[in-house]
Amino acid sequence: MTADDSFGRLEDDDYPAYTMGRAAEMIGSTQGFLRAIGEARLITPLRSEGGHRRYSRYQLRIAARARELVDHGTPIEAACRIVILEDQLEEAQRINAEHRRAAESANPTAAA
């Protein structure tokens with residue numbers, strides 16, 4: 001992979017571009033918090049060849065939401081469960097919207 005290839009991947013929400021220290025700094029938490037949500041299986045960071053945790057932007061959004069809930073008094077296990085359910089709901093709504101659009105385009109008179 002060339003430097004140009006790596007730079008292009010930074011636009012990818014799933015590319016593990018951030019170290020644990022940088023990730024914690026970006027979401028305003030500690031490295032211990034990131035370890036805790038990893039142990040709770042909210043996010044699973046990828047590992048570099050040297051074994052260091054690496055986080056994607058998508059994982060950081062998930063971690064930031066969990067941090068927000070914990071900051072408002074939600075226990076970490078409950079916060080992780082809430083974030084998982086919110087993520088599942090968002091995905092289900094996206095899929096439903098796709099099916100609705102497909103059905104409407106297959107039968108445009110039914111939408112009128």
Side-chain angles (χ1 to χ4, degrees):
M1 176 184 308
T2 66
D4 289 337
D5 294 337
S6 295
F7 182 73
R9 294 189 72 187
L10 291 176
E11 297 298 318
D12 181 356
D13 262 1
D14 295 318
Y15 181 66
Y18 304 100
T19 63
M20 177 180 266
R22 181 68 179 126
E25 180 182 307
M26 288 174 72
I27 66 167
S29 76
T30 64
Q31 293 180 18
F33 176 78
L34 290 174
R35 281 188 210 93
I37 63 174
E39 289 169 10
R41 299 183 191 265
L42 177 61
I43 59 175
T44 304
L46 292 175
R47 299 281 183 152
S48 68
E49 289 182 19
H52 300 283
R53 291 174 178 91
R54 305 286 293 190
Y55 297 87
S56 69
R57 288 190 301 181
Y58 172 75
Q59 289 173 322
L60 293 183
R61 282 195 302 274
I62 297 285
R65 176 65 179 135
R67 178 82 250 172
E68 179 183 341
L69 291 168
V70 169
D71 285 349
H72 286 96
T74 306
I76 196 162
E77 298 82 15
C80 290
R81 185 66 182 141
I82 289 167
V83 172
I84 289 167
L85 291 170
E86 288 175 341
D87 198 48
Q88 289 172 344
L89 176 60
E90 185 179 323
E91 178 67 8
Q93 289 173 329
R94 184 191 63 76
I95 291 168
N96 284 342
E98 286 177 11
H99 287 300
R100 194 174 306 112
R101 282 191 297 275
E104 289 171 358
S105 66
N107 189 5
T109 58

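Applying the side chain to side chain donor-acceptor pair (under 3.5 Å) rule to R47 yields no partners; only residues at least two apart in sequence or on another chain are considered. Under the rule for a side chain to side chain donor-acceptor pair (under 3.5 Å), the partners of E91 that lie at least two apart in sequence or sit in another chain are R94. Remark: R41 engages no residue in a side chain to side chain donor-acceptor pair (under 3.5 Å) (not counting sequence neighbours).
Taking 4.5 Å as the limit, every side-chain heavy atom of T19 sits out of range of all side-chain heavy atoms of H52. Y55 has its side chain within reach of P45: a pair of non-hydrogen atoms, C-beta onward, lies under 4.5 Å apart.
Between atom CD of residue Q93 and atom CZ of residue R100 there is a gap of 9.0 Å, rounded to the nearest 0.5 Å. Taken to the nearest 0.5 Å, the CG atom of L85 stands 13.0 Å off from the CD atom of E90.
Looking at I43, I37, I62 one by one, the single match for side-chain contact (heavy atoms from CB on, under 4.5 Å) with V83 turns out to be I62.
Sorted pairs that involve residues 26-39 and meet salt bridge (charged side-chain N to carboxylate O under 4.0 Å, His left out), not counting sequence neighbours, are lacking altogether. Counting only residues at least two apart or in different chains, side-chain hydrogen bond (donor to acceptor under 3.5 Å, both in side chains) contacts with residues 77-88 comprise Y58-D87, R65-E86.
Residues V70 and I76 share a closest heavy-atom pair of CG2-CA, 3.9 Å. Smallest separation of non-hydrogen atoms from A63 and L34: CB-CD2, 4.0 Å. For the residue pair A40 and C80, the shortest heavy atom distance occurs at CB-SG, 3.7 Å.
Between the side chain of T74 and the main chain of L69, a donor-acceptor pair closer than 3.5 Å is present.
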Would you give me the side-chain donor-acceptor pairs under 3.5 Å for residues 20-29, sequence neighbours excluded?
unit_1 : atom_1 : unit_2 : atom_2 : d
R22    : NH1    : E25    : OE2    : 2.8

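Look at R57 and D14 and you find no salt bridge, because none of the NZ, NE, NH1 or NH2 atoms lies under 4.0 Å from a carboxylate O.
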